[in-house]
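Order of the sequence lines fixes the chain letters, A, B, ..., with proteins taken first and strands second; residue numbering starts at 1 for each chain. When reading the values below, keep in mind they use all heavy atoms of this one structure, side chains included, and skip hydrogens, waters and symmetry mates.
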Amino acid sequence: MSSYNEDDAFEAAARVPLSQRAMQGAMADRPAPYLDDLNPEQRRAAETLDGPVLMLAGAGTGKTKALTTRIAHLLNTGTALPNQILAVTFTNKAAREMKDRVGRHLGGPAEGMPWMGTFHSICVKLLRRHAELIPIRAQASDDVLDEGDSAAQPAAVHLKNTFTILDTDDQIRLLKQLITAEGLDEKRWPARALAGVIDNWKNRAWTPEAVPAAESSAFNDRGVKLYAAYQRRLIELNAVDFGDLLLHVVSIFQNHEDVLAQYQRWFRYILVDEYQDTNVAQYLWLRLLAAKHRNICCVGDDDQSIYGWRGAEVGNILRFEKDFPGAAVIRLEQNYRSTPHILAAASAVIAGNKGRLGKELWTEAEEGEKVRLMGHWDGEEEARWVGEEIEDARAGRGRYRDRDNPRSETFQQELDRRAKQGLGRVTRQEFVRWAFESGTAFSDFKVQKLLKILLRDDPKAENMYKALLASPVDKYSYNEIVILVRASHQMRAFEDRFLTIGLPYRVIGGPRFYERLEIRDAMAYFRLAVSPDDSLAFERIVNTPKRGLGNVAQQKIQTTARANGVSLVEGARILLESGGIGGKGAKELRALIDGIGRWHGAVLDDRTSHIELAEVILDESGYTTHWQNDKSPDAPGRLENLKELVKALENFDNLQGFLEHVALIMDNDREEAEDKVTIMTLHGAKGLEFPAVFLPGWEDGLFPSQRSMDESGVKGLEEERRLAYVGITRAEEICTITFAANRRVYGQWQSQMPSRFVDELPEDHVEVLTAPGLYGGGYGAAAPSAAVEERASKADVYSSPGWKRMQARSQSGPSRAASMVIDAKAVSKFTAGERIFSQKFGYGTILGVENDTLDVEFDKAGAKKVKAGFVVAAERADDVPF
DNA sequence: GAGGTTGCTATTTTT
DNA sequence: TAGCAACCTC
């Protein structure tokens, strides 16, 4: 089992479906028509099969197309067998899409490509083959948990191929124990923080021994020691965490030349998606594997590297040509997504970054709308305005009235044509063909829904189709609109607003299905049924539902298990037999342990279906009842989730397979058919595109995030700028950027400066919507049409520092607009004790000054923190027009 | 073991 | 401000 068997190669080759092998033969010496779909650069990327290739693919330039065609080409020319291609992605979604698209090229499902998947899923496969090459670390004399503990599960000398993959909860629980054992105050030194430190180290491929001395002060000087103890505990428990999946495999490659050599020979062609997101461990992993054939093709965009904070190294992509001398560098620069204005805006912003590989996006698309910029008084108004814009956009009202939406047009033409012909019978084929030909018609979701129904031969289909034709044409459907925020707390304002006006929305990003409490509990039961030795799972559910097994009882179980060097379940059994536990707890514990034994038996003998078994487990353990008796409002939802969990089992052959899948999936993207506006973070939007994009909250401190700049300086700022780039380039037709002058931050009202990225937007490609003098129009922004405001003409608007200046607003109404300009830099003018006046809060006394932020006790509004730029000395209050 | 109270903290997140 | 986790009390 352990070492890689050359026979596998033959065996695997033999498993390639016949059709594919036939195709290889057939296609080998024929021209490849699928290449004609590509532009010259894409084509070069798909055809340069040998040697290192770096594909620099800007946003929306069709990199997936190039990548999947490349794979198809590898196969069709007979250059590689499906199992000789290693294709890695970061997300399951990306892997799935790649599989689908390669399959489409080949005219059948891309089975027989066993090495196409995420870094993690591929590593699990590799690690299951070679688990025993990961030894337990020799015990250093000063190790944590030295006394007594060393006996725990002593059988473990190395990892076994049945290892479990821990989720974050388990990880934290384990670390907590270690921290406490080390005698650290868990409050001052929280397990979460340690998990972060360790994760960081693992991202850099540092084993405990390899952590450099410079890091030794981490976590109160105990970081490394705890890390070592943690790794040892994991192997004792026959478990790995996510970081280990890569770290262990890299260690194996580094320490076992023979194993590495086998895989180097094996993976003749390597493809990597989103290369700019790789961390050091992934980088080493790839470099080791590619060392022999050097047929590695990395696809990425340095301008879209936004995961530096979790270990991604932009350096990897910047260094590619050095790592692989003679590499072909191919730039995909033709953009198929956005209008020229949008691209120009994005390019101008990203140009502010240094050390880029450099790309120039261009498009053949028609001009379209300029990027729109709008300032607001506060966050609430911003949300209100965005809500109105969305309704306008959908209904084709106001500004949107005359907008040509090519989608709508296509549909309208179809309507006219049918009207002229007098709507005959709609056949299924006819509709399907029309839907495909017209692309996503006026409202994606309706068409999709209809398609689904038609495909199922529902008799209602024709009526629905008629209803569709009779309904008004949307300029934009909700599904085509997205709001992208920097931080999830910004979502709230929009949710509140949309709820009150009844605008349908969906939030992407919340807690994932498999991370929910009830799902994790249920999974722990399943884990125990599969392997009763899973002590962490046992720990999780001993007393859930309540079995009268409190801290004391649990401690006893732990001690017994350790003393005997057995798992917790076994320890509990011994404890029961010795009568070390009594009363209600004993009875319940007995029932639980018997249950686990029984369930495990059922898993082994395979006579009950795993679905039935899952239900039995949840029933007999009392877990279902536990939630049925719970009166809290979310209990029904949790029961619902449990049902869904059981239902998800249908897609698997057994519990083991299911558990493996879930550990790696953490799936979030359950497609919804309803027409809703999407709200999500900028990070979550990478790789997606929408006809209309709203980018709210462009204020310094929020975006770019203050914390990011404080912690990582210029590097942090540049990553924020890339985030801005990602945001803008999501838009196909309309991109709207907004900011607010005031925002509540942790309950305190704070004045905000517009984001520095706003300054970086190129004036020629931006339309400023903010009306002069309007509430919230206080920034230098002025509508170009407002002739009155000659001084604040567009040129003026953009000439800093004018743009950065703020105009005081009139509180009495728009007609008496004020244009008093206060220099935001006039910080030093103020001192504690001084009387000041603020537009928003009135008169007050300064309590303290911190840079440009004043601590003020207002006469009426109480204590507030305000930016110096928003107040004037009290005696100058008369300068402010009313 | 439930329920109330206090205290603390406060991006981005995939696997 | 608000959401939570941990603590305290009965």
Side-chain angles (χ1 to χ4, degrees), chain A residues 88-95 117-124 165-168 171-172 176 185-188 190-193 195-196 199 202-203 240-247 273-274 277-279 281-282 305-312 379 484-493 508-512 514-515 543-551 584-585 629-632 660-669 680-687 697 701-712 716 719-720 722-724 726-727 743-750 864:
Chain A
V88 265
T89 62
F90 275 85
T91 64
N92 290 296
K93 201 174 158 199
T118 63
F119 276 102
H120 293 267
S121 69
I122 288 170
C123 281
V124 172
I165 302 165
L166 293 196
D167 62 32
T168 335
Q171 207 183 336
I172 299 289
K176 250 182 208 164
D185 180 5
E186 213 257 303
K187 274 225 188 79
R188 260 173 62 89
R192 293 211 155 274
D199 216 49
K202 287 187 175 176
N203 283 339
V240 301
D241 65 17
F242 274 115
D244 284 337
L245 290 175
L246 268 146
L247 181 70
D273 195 15
E274 306 280 15
D277 286 340
T278 49
N279 59 33
Q282 286 155 340
S305 163
I306 54 174
Y307 285 110
W309 49 274
R310 65 178 198 211
L484 301 178
V485 297
R486 172 67 247 262
S488 39
H489 65 250
Q490 291 173 261
M491 294 178 177
R492 179 128 181 210
I508 308 278
R512 279 173 283 279
Y514 288 111
E515 273 172 12
N543 205 27
T544 313
K546 299 276 180 276
R547 297 194 169 87
L549 297 161
N551 274 339
K584 178 171 174 274
N629 294 342
D630 193 306
K631 310 178 284 296
S632 68
E660 174 102 8
H661 166 83
V662 166
L664 289 172
I665 280 283
M666 295 284 168
D667 225 339
N668 202 19
D669 38 45
M680 63 171 137
T681 63
L682 286 161
H683 283 92
K686 197 165 79 161
L702 182 60
F703 185 48
S705 128
Q706 192 59 51
R707 188 153 163 191
S708 195
M709 293 187 292
D710 290 348
E711 282 173 9
S712 318
E719 184 153 312
E720 297 284 308
R722 291 193 288 268
L723 212 40
V726 167
R743 208 175 275 282
R744 224 174 12 191
V745 182
Y746 307 140
Q748 297 254 313
W749 277 101
Q750 288 204 325
K864 304 272 177 216

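If you take CG of A/N203 and C1' of B/dT15, they are 11 Å apart, rounded to a whole angstrom. Protein atom CG of A/L664 is 11 Å distant from nucleotide atom C1' of B/dT14, rounded to whole Å. Note: CG (A/D273) to P (B/dT15) measures 13 Å, nearest angstrom. Per the geometry, NZ belonging to A/K202 stands 18 Å off P belonging to B/dT15, to the nearest Å. When the P atom of B/dT12 is taken as reference, atom NE2 of A/H683 falls 9 Å away, rounded to whole Å. Rounded to whole angstrom, the span from the NZ atom of A/K93 across to the P atom of B/dT13 amounts to 14 Å. Here the C1' atom of nucleotide B/dT12 and the CD1 atom of A/I306 are 8 Å apart, to the nearest Å. Rounded to an integer number of Å, the gap from NE2 of A/H661 to C1' of B/dT15 is 12 Å.
For B/dT15, the OP1/OP2 oxygens have a side-chain nitrogen or oxygen of A/N92 closer than 4.0 Å. Contact between the side-chain N/O atoms of A/T681 and the OP1/OP2 oxygens of B/dT13 is found at a separation under 4.0 Å.
Partners of A/R192 under the side chain to side chain donor-acceptor pair (under 3.5 Å) rule, at least two apart in sequence or in another chain, do not exist in this structure. Under the rule for a side-chain contact (heavy atoms from CB on, under 4.5 Å), the partners of A/Q748 that lie at least two apart in sequence or sit in another chain are A/K865. A/F90 meets the ring pair (Phe, Tyr, Trp, His ring centres under 6.0 Å) test with A/F119; sequence neighbours excluded. A search for side-chain contact (heavy atoms from CB on, under 4.5 Å) contacts involving A/R707 returns A/S705, A/E711, not counting sequence neighbours.
With rounding to the nearest 0.5 angstrom, the OG atom of A/S488 is 13.5 Å from the CD1 atom of A/I508.
Rounded to the nearest Å, the gap between the P atom of C/dC4 and that of B/dT11 is 13 Å. Straight-line distance between the C1' atoms of B/dT13 and C/dA2: roughly 22 Å, to the nearest whole Å.
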Name the pairs: protein N/O against N/O of nucleotides 2-11 of chain B, kept only if under 3.5 Å.
| residue | atom | partner | partner atom | Å |
| --- | --- | --- | --- | --- |
| B/dT11 | O4 | A/S708 | N | 3.3 |

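Counting any heavy atom pair closer than 4.0 Å across all strands shown, A/G243 reaches no nucleic acid atom. Using a 4.0 Å heavy-atom cutoff across all strands shown, A/R547 reaches no nucleic acid atom at all.
Side chain of A/S121 to backbone of A/T118: a donor-acceptor contact under 3.5 angstrom is found. In terms of modelled atom types and a separation under 3.5 Å, the side chain of A/H120 and the main chain of A/L664 share no donor-acceptor contact. In this structure a side-chain-to-backbone donor-acceptor pair under 3.5 Å is missing from A/D244 to A/L247.
Comparing A/G550 and A/L723 along DNA chain B, the residue whose closest nucleotide (by nearest heavy atom) sits nearer the 5' end is A/G550.
The closest side-chain donor-acceptor pair between A/Q706 and A/D710 falls under 3.5 angstrom.
Here the range on DNA chain C touched by chain A, meaning any atom under 4.0 Å from one of its heavy atoms, is C/dT1 to C/dC7.
Each of A/D277, A/T681, A/T91 was checked for a side chain to side chain donor-acceptor pair (under 3.5 Å) with A/K686, and the lone residue meeting it is A/D277.
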